[in-house]
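What follows is one structure encoded as structure tokens, with my remarks underneath.
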Amino acid sequence: MSFPADDRLIVALDVPNALEGLQLAEKLGDSVSFYKIGLGMLTGGGLALANELKGELGKKIFLDMKLFDIGNTVEAAVRGLSQFDLDFLTVHGDPHVVRAAAEGKGGKDMKILAVTILTSLDRSDLDAGLIKPGEVQDLVLERAARAMEAGADGVIASPQEAALIRALPEAAGKLIVTPGVRPAGAALGDQKRVATPAQAIRDGADHIVVGRPINRAADPKAAAQAILAELAGV
Ligand code: C5P
């Protein structure tokens with residue numbers, strides 16, 4: 001039995017260039033409808049790949065740029081990117097950045113998703129960056145609330161934070177997208193705070209982002225199908 005694609009599953013195309021990205025998308029075929037293209041592929045033809053996946057294959061595109069700059073520059077960057085027919089775009093969750101991005105997208109139906117605090121950072125990294133005292137998780141919640149207030153369409157959050165963010169009044173009607181998802185028994189790689197696909201959705205995520213468990217699998221389509229089977233039961 002083969003499960004149809006499910007927009008809740010976003011596959012991270014973390015491969016070096018557009019050619020390999022296209023080859024992976026071809027292997028996954030009808031099993032995957034939503035792809036994330038990140039900074040690592042920008043110089044390898046990432047935007048051309050986004051156009052091809054969208055225009056030729058009808059896939060949805062999440063461009064993970066994590067933009068951060070003065071408002072005027074963010075607005076210009078987002079205005080330019082909005083011509084690429086993207087579905088999701090990430091910016092850092094600072095309110096001035098989010099407001100500028102919301103302005104830059106104009107009338108386009110491109111969701112602006114805010115990054116709160118990178119999951120690779122711990123308290124000592126925040127100290128080094130002169131970020132105010134407090135538990136990382138509390139700061140994540142505060143930044144998520146402020147970003148959504150400033151006009152973000154949603155946030156990127158670890159599965160552990162999804163339920164807490166879902167409970168915020170500011171999160172009503174907003175999207176929560178969670179990376180750090182691992183099917184039971186899969187290798188963690190460098191991800192520390194993980195959940196299974198089903199758990200992440202139950203905790204309030206609208207979409208999960210899965211990279212290595214699919215893009216490094218010997219049989220990527222079978223790996224995607226296993227996750228679709230799990231999602232079908234949620
Ligand atoms: O291979 P893996 O499933 O860990 O990939 C997760 C994807 O989500 C990667 O593209 C990574 O850059 C991204 N991501 C993340 N944690 C964040 C934000 C983005 O893992 N906080």
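Start at 1 and go down the list; that is how both ligands and their atoms are numbered. Count residues from 1 along the sequence.
D94 places a side-chain heavy atom less than 4.5 Å from the side chain of R143.
Within 6.0 Å of CZ in R212 there are more than 12 heavy atoms belonging to other residues, nucleotides or ligands.
Taking each heavy atom of L28 and A224 in turn, the nearest pair found is CD2-CB, 4.0 Å.
Contact atoms of ligand 1 toward G211: 1 (O), 2 (P), 3 (O), 5 (O) (distance under 4.0 Å to a heavy atom of the residue). Which parts of ligand 1 touch P213 is read off a 4.0 Å heavy-atom cut-off, strictly below it: atoms 3 (O).
Only side-chain heavy atoms of D14 come within less than 4.0 Å of ligand 1; its backbone N, CA, C and O stay farther off.
D206 pairs with exactly one of R8, R166, K111 by the salt bridge (Lys or Arg N to Asp or Glu O under 4.0 Å) rule, that one being R166.
Between H207 and F62, the ring center distance fails the sub-6.0 Å criterion.
Considering backbone and side-chain N/O atoms, T119 comes within less than 3.5 Å of an N/O atom of ligand 1.
Of the listed options K36, E161, R182, K36 places a heavy atom closest to atom 7 (C) of ligand 1. When A187, P179, A12 are checked for heavy-atom proximity to atom 18 (C) of ligand 1, P179 turns out nearest. Residue nearest to atom 1 (O) of ligand 1, selected from R216, M41, K66, R212: R212 (by heavy-atom distance).
When only non-hydrogen protein atoms are considered, atom 6 (C) of ligand 1 lies nearest to Q191 NE2, 3.8 Å.
The closest donor-acceptor contact from the side chain of Q225 to the backbone of F3 lies under 3.5 Å.
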